[in-house]
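Structure first, then comments.
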Amino acid sequence: MNSKAELVLDSQALLGEGPIWDDRRQLLFWVDILAGKLHAFDPARNENQAFDIGQDVGTVVLTESGPKVMLAVYKGFAAYDLETEELSLVVHPEAHLPGNRFNDGKCDPNGRFWAGTMAYSDQKDQGSLYSLDSDLSVHKALDGIAISNGLAWSLDGSLMYYIDSPTHSVATFDFDLDMGAISNRRVTIQVPEEMGTPDGMTIDEQGMLWIALWDGGLVCRWDPENGDLLQTIDLPVSRPTACAFGGRELDTLYITSARTGLTEELLKEQPHAGGLFAIRPGFCGIPTFRFAGQI
Ligand code: CA
């Protein structure tokens with residue numbers, strides 16, 4: 001079944017990323033990494049609020065702490081107060097690697113904040129994957145990563161799914177929910193090169209994975225048990241970046257996209273590149289996990 005996502009916000013983002021649904025505020029948070037902006041989109045009012053973070057911002061996650069969200073910015077893990085608009089750096093595990101920045105990240109079912117890094121140069125093997133515990137200690141889980149992207153956990157919390165984009169695949173790890181440890185890496189889904197490069201990812205209530213395909217103009221639903229492609233959503237832009245379920249019933253799939261790197265010619269063909277798109281694909285998501293740390 002093919003279906004098409006519709007533009008909901010003509011945001012013209014350089015590198016829109018990291019959509020995440022806040023069920024308490026009924027807002028979709030997302031970031032424009034290269035513009036250094038955090039965004040909050042209110043679908044009921046069709047309004048978007050932008051927060052200037054002052055440095056590249058790879059991803060955003062929710063917290064249990066009133067007005068604050070957590071970010072993974074150029075200078076590491078940070079808390080951001082939506083009311084005072086104050087950024088507080090928490091810990092920077094790559095202060096010695098100025099050529100790297102944080103990229104995609106999510107919270108696991110126990111409230112640890114996982115986020116990975118990549119080199120600005122896209123040079124391979126420069127990135128790592130970290131987890132920030134609720135006690136604000138940081139742990140390196142993987143190194144030798146090229147472009148750290150999609151993260152999701154199986155519905156029972158026993159598996160972690162992960163995308164290092166240039167591998168064109170989704171890796172599955174056994175996940176120790178109590179310890180936050182990953183082991184036994186294996187390839188679960190191989191994405192054919194002609195479909196684009198796997199980028200951001202989310203999971204639905206049936207445990208199936210939705211993956212944005214950069215330069216593929218698609219978001220696809222896959223079965224992580226057997227690697228089967230189940231459903232395809234077309235976009236009017238070539239660089240979708242990430243997706244997340246939102247809305248009161250978690251039945252709307254929101255999709256971010258990018259303008260960066262597209263030629264003038266391509267931008268003329270896809271004037272809404274960098275926009276926020278949405279579709280009701282016939283499946284629902286699961287509630288967003290929040291960061292458990294006190295910040
Ligand atoms: Ca990404």
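Counting starts at 1 for both ligands and their atoms, in listed order. Heavy-atom basis, side chains included; hydrogens, waters and symmetry copies ignored.
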*Trace of the side-chain contact (heavy atoms from CB on, under 4.5 Å) decision for S257 with L235*: CA-CA 10 Å; S257 69; L235 287 126; over 6 Å; no

*Near the Ca ion (ligand 1), is there an N/O/S atom from N149 that is less than 3.0 Å away?*
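Within the cut-off used here (under 3.0 Å), N149 does place an N, O or S atom near the Ca ion (ligand 1).
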
*May I ask you to check if any N/O/S atom from D104 comes under 3.0 Å of the Ca ion (ligand 1)?*
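Short answer: no, not a single N, O or S atom is under the cut-off.
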
_I'd like to know if D23 pairs up with R290 as an ion pair, taking the criterion as any Lys NZ or Arg NE/NH1/NH2 lying under 4.0 Å from an Asp or Glu carboxylate oxygen._
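A salt bridge links D23 with R290.
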
_Taking side chain to side chain contact (heavy atoms under 4.5 Å, CB included) as the definition, give me every residue that meets it alongside T202, ordered by chain and number, with sequence neighbours left out._
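Only W210, C243, F245, L253 meet the side chain to side chain contact (heavy atoms under 4.5 Å, CB included) criterion with T202.
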
*Measure from the Ca ion (ligand 1) to every N/O/S atom of D199 and report the name of the nearest one.*
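Of all N, O or S atoms belonging to D199, OD1 is the one nearest the Ca ion (ligand 1).
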
_E17 atom (N/O/S) at minimal separation from the Ca ion (ligand 1)_ =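 Within E17, restricted to N, O or S, the Ca ion (ligand 1) is closest to atom OE2.
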
*Partners of R112 by salt bridge (charged side-chain N to carboxylate O under 4.0 Å, His left out), sequence neighbours excluded?*
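R112 satisfies salt bridge (charged side-chain N to carboxylate O under 4.0 Å, His left out) with D108, D133 once adjacent residues are dropped.
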
